[in-house]
Amino acid sequence: MKIVIIGSTGQLGTDLMKTLQHGHEVIGLIHKDIEVTDYNSCLILKKHHPDVIINTAAFHKTDQCEEEPLRTFTVNTIGSGNVGKISKEMEATNIFISTDYVFDGSKNEPYTEDDIPTPINTYGISKLAGEYYTRQNPKHYIIRLASLFGVAGASGKAGNFVETMIEKAKKNESLHVVDDMWMSPTYTKDAASIIKKIIELKLPFGTYHATNQGYCTWFQFAEEIFKITDLKPSLTPIKTHQLQSKAKRPKFSALRSTKLPKYGVQMREWKEALHDYLIEKGHIHA
Ligand SMILES: NC(=O)c1ccc[n+]([C@@H]2O[C@H](COP(=O)([O-])OP(=O)(O)OC[C@H]3O[C@@H](n4cnc5c(N)ncnc54)[C@H](OP(=O)(O)O)[C@@H]3O)[C@@H](O)[C@H]2O)c1
């Protein structure tokens, strides 16, 4: 298949490029090549005649999204609309990467594809609206991911949570991490493999949750990082309200797929994925 990846040097995009190159013709587009907020710029997609488009582009700094709703909606919603429209005209499959933040966090057990999204912050609302725009093309997959860590690191987010923790620990900084917010940490390499399987197995179009299995609080995630790397910083649990952040965040946004296992597709546990990431990133030896 011919696959175009928008945001090909981003955290997820980098792993998608590596993973999909095995068996497919893959074209990576970076921000200089395509501006998803500009319909005319998105017409570059037509030049490549892809079978599949994967749109990873997003404005996802959750607190900044509260201050810049116009920018947030322009990238995450209008951008999705532009890519969705063009993909439909080309009869190409469109894959939109969405988020656990489409849920409000009140369920207290993992959200499945059957749960109704009710986002509580600007980022989540803009991504949910992006999902609706994606559905204009019946040949679509909406893939909801969460709390990503990948070797490339997220642009604009100083890498990812794992790297931030390790960097601060090595500088002997005291760490304060929330222990009342639950999520499913997810390795972008694993997410990329699942996306490859979804495409290759030609699973029914629709929405899929694709996170590593299990869940934890951010504090527990930090504990596991330090256990594996044998770092021993001063690590203190705190409560979310102590952060005084601009955006409300769901207290429990773990995801689970009830659909993928039916097709024999499963992701491994987040702890195992974290271990592999730390090897790949050179923090520990195999
Ligand atoms: N990071 C997470 O924890 C997380 C969790 C759940 C879901 N997600 C979703 O997963 C996707 C990938 O996340 P990620 O961590 O890989 O993000 P990332 O590293 O920031 O990658 C996004 C890529 O998109 C490009 N981009 C941004 N705005 C664009 C625009 N207007 N037009 C064209 N390209 C644009 C960026 O290029 P520049 O950097 O050059 O602008 C970057 O290469 C996003 O859709 C995000 O909403 C992320």
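Residues: numbered from 1 along the sequence shown. Every number for a ligand or one of its atoms is a count from 1 in the order of the listing.
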Tyr141 ring center within less than 6.0 Å of Phe205 ring center: yes
In ligand 1, which numbered atoms sit nearer than 4.0 Å to a non-hydrogen atom of [X]?
| X | answer |
| --- | --- |
| Leu145 | 6 (C), 7 (C) |
| Ser147 | 3 (O), 5 (C) |
| Leu12 | 16 (O) |
| Ser98 | 7 (C) |
| Ala146 | 5 (C), 6 (C) |
| Ala154 | 15 (O), 19 (O) |
| Gly7 | 23 (C), 24 (O), 43 (O) |
| Gly10 | 19 (O), 21 (O), 43 (O) |

Pair Lys227 + Glu223, salt bridge at N-O below 4.0 Å: no
Closest candidate by heavy atom, reference atom 17 (O) of ligand 1, pool Glu35, Gln11, His60, Arg71: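 When every heavy atom of Glu35, Gln11, His60, Arg71 is considered, His60 comes closest to atom 17 (O) of ligand 1.
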Nearest option to atom 3 (O) of ligand 1, as decided by whichever heavy atom of Ile30, Leu148, Leu29, Asn160 sits closest: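 Among Ile30, Leu148, Leu29, Asn160, the closest heavy atom to atom 3 (O) of ligand 1 comes from Leu148.
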Can [X] be said to touch ligand 1, with heavy atoms closer than 4.0 Å?
| X | answer |
| --- | --- |
| Arg144 | no |
| Gly79 | no |
| Gly150 | no |
| Phe96 | no |

Are Cys65 and Lys246 close enough that some pair of their side-chain heavy atoms sits under 4.5 Å apart?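 Not touching, per the 4.5 Å side-chain cut-off.
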Evaluate the side-chain contact (heavy atoms from CB on, under 4.5 Å) criterion for residues Asn82 and Val36: first the C-alpha distance (whole Å), next the side-chain angles of each, then the deciding distance (0.1 Å), finally the verdict. CA-CA 7 Å; Asn82 289 335; Val36 294; 5.8 Å; no
Among Ile86, Ile6, Ile53, find the one that has a side chain to side chain contact (heavy atoms under 4.5 Å, CB included) with Cys42.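 The single option meeting the side chain to side chain contact (heavy atoms under 4.5 Å, CB included) with Cys42 is Ile86.
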Identified side chain to side chain contact (heavy atoms under 4.5 Å, CB included) counterpart of Ile198 within the set Ile95, Leu260, Thr93: Leu260
Using distance alone, determine whether Asp100 and ligand 1 share an N or O pair under 3.5 Å. no
Taking atom types as modelled and ignoring hydrogens, do the side chains of Glu224 and His275 form a donor-acceptor contact shorter than 3.5 angstrom?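 Absent: no donor and acceptor within the cut-off.
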Quick one: does Asp100's side chain have a donor or acceptor within less than 3.5 Å of a partner on Ala254's backbone? no
Is there a side-chain contact (heavy atoms from CB on, under 4.5 Å) between Ile78 and Thr37? Walk through the geometry before answering. CA-CA 6 Å; Ile78 305 295; Thr37 63; 5.6 Å; no
Specify whether Tyr187 and Phe149 have parallel, tilted or perpendicular ring planes, treating 30° as the upper limit for parallel and 60° as the lower limit for perpendicular.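 Ring orientation of Tyr187 relative to Phe149: parallel.
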